[in-house]
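The structure appears right after this line, and notes come after that.
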Protein chains: 2
Amino acid sequence: MRSNAIKSEDWLAELDESGIRVTAIQEMLIDIFAHSEYPLSTEQAWDIARQSRPKTGRATVYRMVEKLENLGLIRRLHGYQGCSHFVPTLPGLMMLFICLDCGRADYLESQPLDHLIQQSEDTSGHHITDSRLQLYGICATCQQGA
Amino acid sequence: MRSNAIKSEDWLAELDESGIRVTAIQEMLIDIFAHSEYPLSTEQAWDIARQSRPKTGRATVYRMVEKLENLGLIRRLHGYQGCSHFVPTLPGLMMLFICLDCGRADYLESQPLDHLIQQSEDTSGHHITDSRLQLYGICATCQQGA
DNA sequence: ACTCTATTGAGACATGGTATCAATAAGAAA
DNA sequence: TTTCTTATTGATACCATGTCTCAATAGAGT
């Protein structure tokens, strides 16, 4: 399974550029999301944050998650655990596979999706501005294990 | 935009086969979902149901929506209004377009998606059992109107 | 160090959805 | 038709998730 090679520094740079004041909590939350092996819900991220910084407020974490999602740095998983979990975004990769066994997420090459969208736009006449494709199943690793 | 030609009778037949006791409320809810021009949330369906049957319970509607979703008769929209709205399913069509202007949903031909999934399975080694593709934008009709 | 302002934390609040349980109604049997 | 059995229903209490408010705090520039 592809390792999600996210650099916390890149995120911080993007946050900085967006005019958002970068604080210690924000760095911590970025680290938590960027380095988690599994998709995280906001509540889970809050739990983790409080392990090293007990007085972290709940609203703070929700606010940060919203910012990170709006900046496109994390991405919400749909159709899984009530649509409340997030994974780091990988630039240019839109197709996300979620293993129903181990729960890990994996990005797949998405040029074919671009073609599909172009084609759908042409035949339907709709103007497509955004897309969301998620695939579910059993990942290659879990298939071997079983 | 494609008219969603759902037959309430077909749904009732499916419910019947599934061993679920078909009641008056269920017929009403099927009608509500099958004939709505727009995606409906459970709460909205409840509101509509109470217009003609005021003592309809909230839990009853939630239970029915769950059943209809499990039977594959309605489908949840993701990334729109908090993932809480549903549209009737059209058999064989998996690609759903949602107009961000008028809010209507439209199914698109999905053979290309089948190919894409097959291809992704081959290259990734994952076993893909389910997929969810949603497209967002401005529908052909709303483009003309604007 | 001081000022200004965005961010934070605490807790109240709102919303969406679930659990419980007595009352009801559907369908089978008599 | 009446009775019996059982799934479904409605009312309400409950819970989880997420939002709002506002005083306290801490960054960043001066």
Side-chain angles (χ1 to χ4, degrees), chain A residues 11-33 39-71 73-86, chain B residues 11-33 39-71 73-86:
Chain A
W11 288 25
L12 289 170
E14 279 214 50
L15 272 175
D16 210 25
E17 283 170 29
S18 76
I20 292 167
R21 183 178 292 178
V22 178
T23 63
I25 305 97
Q26 302 197 352
E27 290 190 33
M28 162 171 294
L29 283 169
I30 287 172
D31 253 33
I32 288 169
F33 276 106
L40 291 179
S41 69
T42 309
E43 295 284 323
Q44 288 173 332
W46 186 35
D47 288 343
I48 296 172
R50 276 181 300 171
Q51 283 170 19
S52 47
R53 205 165 159 293
K55 68 195 173 92
T56 303
R58 194 222 277 249
T60 305
V61 180
Y62 274 92
R63 282 185 287 240
M64 262 306 284
V65 165
E66 196 186 353
K67 279 179 199 163
L68 293 176
E69 192 185 9
N70 288 341
L71 286 169
L73 297 175
I74 60 175
R75 174 174 159 177
R76 185 184 295 270
L77 296 188
H78 288 281
Y80 172 79
Q81 302 277 346
C83 306
S84 59
H85 287 232
F86 296 85
Chain B
W11 289 24
L12 288 170
E14 279 214 50
L15 272 176
D16 210 25
E17 282 170 29
S18 76
I20 292 168
R21 185 178 290 179
V22 178
T23 64
I25 305 98
Q26 303 197 350
E27 290 190 34
M28 161 171 295
L29 283 170
I30 286 172
D31 253 33
I32 288 170
F33 276 107
L40 291 179
S41 68
T42 310
E43 296 283 324
Q44 288 173 331
W46 185 37
D47 287 343
I48 296 172
R50 276 181 300 173
Q51 284 170 17
S52 47
R53 206 165 158 293
K55 69 194 172 96
T56 303
R58 196 223 278 245
T60 305
V61 180
Y62 274 90
R63 281 184 288 239
M64 262 308 284
V65 165
E66 195 187 354
K67 278 179 200 163
L68 293 175
E69 191 185 10
N70 288 341
L71 286 169
L73 296 175
I74 60 176
R75 175 176 158 175
R76 185 184 296 268
L77 296 187
H78 289 282
Y80 173 80
Q81 303 275 345
C83 306
S84 60
H85 287 232
F86 295 84

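Model, not experiment: these values are computed from the prediction. Computed from heavy atoms alone, side chains included, the values below leave out hydrogens, waters and symmetry copies.
When all heavy atoms of B:Q44 and B:P39 are compared, the pair lying nearest together is OE1-O, 3.8 Å. The nearest pair of heavy atoms linking B:W46 to B:T56 is NE1-O, 3.0 Å. Across A:Q81 and A:S84, no two heavy atoms sit closer than the pair O-OG, 2.8 Å. A pairwise comparison of heavy atoms in B:L29 and B:A49 identifies CD2-CB, 4.3 Å as the closest pair. Closest of all the heavy-atom pairs between A:V61 and A:A45 is CG1-CB, 4.3 Å.
The interatomic distance linking B:H85 (NE2) with C:dG17 (C1') rounds to 14 Å, in whole Å. Here the P atom of nucleotide C:dG16 and the CD atom of B:Q44 are 10 Å apart, to the nearest Å. Counting to the nearest Å, the P atom of D:dA26 and the CD atom of A:Q26 are 15 Å from each other. One can place CD1 of B:I25 at 10 Å from C1' of D:dG10, the figure rounded to the nearest angstrom. One atom, CD of A:Q81, and another, C1' of D:dG18, lie 17 Å apart when rounded to the nearest Å. C:dT7 atom P lies 15 Å from atom CD of A:E27, rounded to whole Å. The distance between atom CE of A:M28 and atom P of D:dA26, rounded to the nearest whole Å, is 15 Å. We find that CZ of A:R63 is positioned 6 Å from C1' of C:dT8, with the value rounded to whole Å.
The shortest side-chain heavy-atom distance between B:L40 and B:I74 does not fall under the 4.5 Å cut-off. Taking 4.5 Å as the limit, some side-chain heavy atom of B:S52 sits within range of a side-chain heavy atom of B:M28.
Here D:dG10 is the nucleotide among D:dG10, C:dT7, C:dG9 with the atom lying nearest to any side-chain atom of B:T60. Closest approach to the B:A59 side chain among D:dA11, C:dG17, C:dG11 is made by D:dA11 (side chain taken as heavy atoms from C-beta onward). Nearest nucleotide to the side chain of A:R58, out of D:dT17, C:dG17, D:dT8: D:dT17.
Heavy atoms of A:S41 sit nowhere under 4.0 angstrom from any nucleic acid atom. At the heavy-atom level, A:T42 lies nowhere under 4.0 Å from the strands shown. Residue contacts for A:R50: at a heavy-atom cut-off of 4.0 Å it reaches no nucleic acid atom on any strand shown.
Comparing B:K55 and A:R53 by the nucleotide of DNA chain C whose heavy atom lies nearest to each, the residue mapping closer to the 5' end is A:R53.
Close to C:dA26, at under 4.0 Å from its OP1 or OP2, lies no side-chain N or O of B:T23. For C:dG17, the OP1/OP2 oxygens have a side-chain nitrogen or oxygen of B:Y62 closer than 4.0 Å.
Rounded to 10 degrees, the angle between the two end axes of the helix from C:dA1-D:dT30 to C:dA30-D:dT1 is 30°, with five pairs used at each end.
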